Amino acid sequence: MRQIRLHDIAHGRSGDKGDTSNVCVYARRPEDYELIRRLVTVERVKAHFGDMVRGDIVRYEVPSLGGFNFVMHHALGGGATHSLRLDTLGKSMGSAFMRMVLEVEDD
Amino acid sequence: MTHVHIGGGQGFWGDSDDAAVHMVHREDLDYLACDYLAELTLSIMQRQRMKNPAAGYARDFIGLMAQIAAEAKRKGTRVLSDAGGMNITGCVDALAATAGRLGLHGYCIGYVLGDDVLAALPGMQADGIDLANLDDGRDFGDIADKVVNANVYYGHEPIVTCLEQGADVVVTGRATDSALFLAPLVHSFGWAPDDWDNLARGIMAGHLLECGGQGAGGNFDYDWRAVPDMANLGFPIAELTESSFHITKARDCGGLISVQSVKEQFLYEVHDPAAYITPDVTVDISQATLTQAGDNRVEVGGIKGKPRPDRLKLNIGYHAGYRVVTYLSFAWPDAYEKAQAAAEILLQKLAKKGLKYRDCLISYVGLNALHLGVADMSPERLRDQNEVILRLALLTDEKAEAEKIIPEIAPLQLNGPPGASFFGGRAKAQEVIGLWPTLIPRGAVQLTPHLQKVD
């Protein structure tokens, strides 16, 4: 087994609605879609973000685009100007997501 | 076959005009739509308008129109924008004055009033509309005396009416971003109000264009280095017929339209892909397809629509306290330890003096201010930093509390660890505005289209 970052096999973007952050995650190669589906579970994402995301996380699968949409509630420290974070709109939530370390089979 | 070209000219209030100016001059667009409103923008505009009754709309739009209105009129490119914000008639008057200066006699400005329902809130409650918070069910009574603005998100119909009446430009307040794009498509193709699949295609055209450059290679995670000529980034253009839907961009500009660049915008700020709710249609993109159809050209397929919701979303901005944000910089040696110590000293001072705050966030710019708990803060990473910027952010209920905290920060430059320096100037007490989303019946809102001609 070896360790990779999700960003090695995926790309995406984060957006905000109030205190909810969504991150879309697409496989860079079609063959990695199943790997992401298996490893990047809601539980895994919850563990990754810890305190940063305080509400429910929902994962939607969009196989026709080779990707997923993760919707994370109470994820932006209150949202809009309520948030004390530097990145109040969570523009960097996508890259924070992509830091996730995954254990994969050796090639 | 009818073939409609529509350009996305702005991604937000404060965006560059360059791509819009380029595409209007370089291409023969049927429509250009410019989105200026994010979730919080209307609350900010309402505050501006309270200080100055002539303000409260996106003045940038007037500057853009000064550059493109004559060329757009000559080519028959009709313009739509939500730049009216909280002062739609103020925006229309400024636009009319600009058109007059450009000699555009007979120029026809359409506009839609009625999304600002602040004055109608008590009546709605009297009619039994509870205005409960859509996210957490909280009672509206919690914020009833703190409301800043209340604007309802509405769809394409009143904008279409303006186009039918011959508007060269249509100015709105809180129409949805995507309605600005759907309206001209409905006008051109004559889609029925329950032609859900076509309405959904139109919404997705808007969705892919409403963020400007972000739909054409800006903010591109897949491979940002591969985006050509970002200094001349083009914004996306949608081309629709009754049976096809392509995303492309203007000739002779930078940017990238690829399957990956369109994908990243596709699910941006969408929640359930099978039920993306808009006032016009419930969009289903769970089976959507994207296909490279040429150089900087992507075909969009597989979009379905379902009936629209019965209720409209109302976003209420409310006063939620004050925020103090301050930065102090520290240099090698022990930059991180010094920054940490300074934060500790300040919090001790505030505790000793009994200064109150509701919440506090300490972070270190360059280390964890963006990725917070996910950032690598291992000892190896923190050792021997060249420099570290401490960021302290506090939330207070009252302005007076914030103003008592601020004078405690500056002394740290001489009374704390060595080398501290203010970064970005002295902190200010900034008003915090919270957002309160709720749902109201369609019948509670009266949206009215209007027309004004320039002599």
Side-chain angles (χ1 to χ4, degrees), chain A residues 7 10-28 45 48-53 55 58 60-74 76-101, chain B residues 38-40 43-44 134-136 211 214 219-223 259-260 263-274 285-290 301-302 315 317 320-321 323 325 359-363 365 369-376 391-395 430-437:
Chain A
H7 198 239
H11 66 108
R13 176 174 294 168
S14 49
D16 69 293
K17 283 260 189 292
D19 198 18
T20 301
S21 173
N22 89 294
V23 178
C24 54
V25 175
Y26 297 101
R28 289 177 182 269
V45 176
H48 177 67
F49 278 105
D51 264 3
M52 266 177 91
V53 175
V58 183
Y60 297 98
E61 300 177 20
V62 190
S64 62
L65 298 178
F68 305 84
N69 193 30
F70 289 86
V71 178
M72 309 191 286
H73 298 278
H74 299 292
L76 297 172
T81 66
H82 247 146
S83 177
L84 291 177
R85 296 180 187 177
L86 176 62
D87 181 18
T88 52
L89 301 177
K91 296 291 179 192
S92 59
M93 287 296 275
S95 63
F97 200 110
M98 295 293 165
R99 289 183 83 116
M100 189 181 298
V101 175
Chain B
E39 275 196 306
L40 201 65
S43 304
I44 298 165
L134 177 63
D135 291 338
D136 54 24
C211 291
Q214 188 171 274
N219 195 12
F220 184 41
D221 180 47
Y222 178 76
D223 188 3
V259 167
Q260 288 83 8
K263 257 186 194 180
E264 288 189 14
Q265 184 60 18
F266 212 77
L267 291 173
Y268 176 73
E269 292 179 353
V270 169
H271 287 182
D272 181 356
I285 49 175
S286 63
Q287 311 288 320
T289 57
L290 297 171
N315 227 350
R323 184 170 60 164
V325 180
D359 198 5
C360 169
L361 179 70
I362 296 165
S363 60
V365 178
L370 294 174
H371 281 181
L372 301 169
V374 177
D376 175 6
R391 181 177 184 275
L392 266 161
L394 299 111
L395 196 63
Q430 303 164 308
E431 184 185 21
V432 171
I433 295 172
L435 291 174
W436 183 279

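In what follows, chains are A, B, ... by sequence order, proteins preceding strands, each numbered from 1. Quick note: numbers below take in every heavy atom, side chains included, and nothing from hydrogens, waters or symmetry partners. Everything numeric in this text was worked out from a predicted model, so none of it was measured.
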- Message: Under a 4.5 Å cutoff for heavy-atom pairs, which residue among Val58(A), Leu86(A), Val71(A), Leu89(A) has the most contacts with chain B?
- Response: Leu86(A)
- Message: Can you tell me which of Leu40(B), Leu361(B), Asp359(B), Leu267(B) forms the most heavy-atom pairs within a distance under 4.5 Å of chain A?
- Response: Leu267(B)
- Region of Arg85(A) in contact with chain B, defined by heavy-atom distances below 4.5 Å: both
- Note on the structure: Applying a strict 4.5 Å limit to non-hydrogen atoms, the region of Gln430(B) in contact with chain A is neither
- Name the region of Cys360(B), side chain, backbone, both or neither, that has any atom closer than 4.5 Å to a heavy atom of chain A. backbone
- Item | Between His74(A) and Asp135(B), a side-chain donor and acceptor under 3.5 Å | no
- Pairs of heavy atoms under 4.5 Å with chain A: top-ranked of Thr289(B), Leu290(B), Asp272(B), Asn219(B): Asp272(B)
- Which one of Asp136(B), Asp376(B), Ile433(B), Leu435(B) has the most heavy-atom pairs closer than 4.5 Å to chain A? Ile433(B)
- Query: Relative to chain A, which segment of Glu39(B) carries a heavy atom at a distance below 4.5 Å: side chain, backbone, both, or neither?
  - Reply: side chain
- Message: Does any backbone or side-chain atom of Thr20(A) lie under 4.5 Å from a heavy atom of chain B? Answer side chain, backbone, both or neither.
- Response: side chain
- Might you point out which heavy atoms bring Arg99(A) and Val374(B) nearest each other, and give the distance in Å? NE-O, 3.5 Å
- Honestly, the part of Ser286(B) sitting under 4.5 Å from a heavy atom of chain A is backbone
- Dump the intermediate steps for side chain to side chain contact (heavy atoms under 4.5 Å, CB included) on His11(A) and Asp223(B), then the final yes or no. CA-CA 9 Å; His11(A) 66 108; Asp223(B) 188 3; over 6 Å; no
- Note on the structure: Highest number of heavy-atom pairs under 4.5 Å with chain A among Ala375(B), Ala288(B), Ala320(B), Ala369(B) belongs to Ala288(B)
- For the student: nearest non-hydrogen atoms of Asp87(A) and Leu370(B), plus distance: CB-CD2, 3.6 Å
- Which atom pair, heavy atoms only, marks the closest approach of Ile285(B) to Val62(A)? O-CG1, 3.9 Å
- Message: So which residue, Arg323(B), Gln287(B), Arg391(B), ends up with the most heavy-atom pairs under 4.5 Å with chain A?
- Response: Arg391(B)
- Task: Against chain B, work out which of Met93(A), Glu61(A), His48(A), His73(A) has the most heavy-atom pairs shorter than 4.5 Å and name it.
- Result: His48(A)
- Item | Pairs of heavy atoms under 4.5 Å with chain B: top-ranked of Met98(A), Met100(A), His7(A) | His7(A)
- Item | Which atom of Tyr268(B) lies closest to which atom of Lys91(A), heavy atoms considered | OH-NZ, 2.9 Å
- Query: Using a cut-off of under 4.5 Å for heavy-atom pairs, which of Asn315(B), Val259(B), Leu372(B) has the most such pairs with chain A?
  - Reply: Leu372(B)
- Please flag which part of Asp51(A) lies under 4.5 Å from any non-hydrogen atom of chain B: side chain, backbone, both or neither. neither
- Message: Could you tell me if His371(B) and Ser92(A) have a donor-acceptor pair between their side chains, going purely by distance under 3.5 Å?
- Response: no
- Return the option, out of Cys24(A), Gly12(A), Gly50(A), Gly18(A), with the maximum number of heavy-atom pairs under 4.5 Å with chain B. Gly12(A)
- Item | Trace of the side chain to side chain contact (heavy atoms under 4.5 Å, CB included) decision for Arg13(A) with Asp221(B) | CA-CA 7 Å; Arg13(A) 176 174 294 168; Asp221(B) 180 47; 6.0 Å; no
- Query: Atom OH in Tyr60(A), atom NE2 in His271(B): separation rounded to 0.5 Å?
  - Reply: 8.0 Å
- chain A heavy atoms under 4.5 Å from Val325(B): which part of the residue, side chain, backbone, both or neither? neither
- Message: What part of Phe49(A) gets within 4.5 angstrom of chain B, counting heavy atoms only: side chain, backbone, both, or neither?
- Response: both
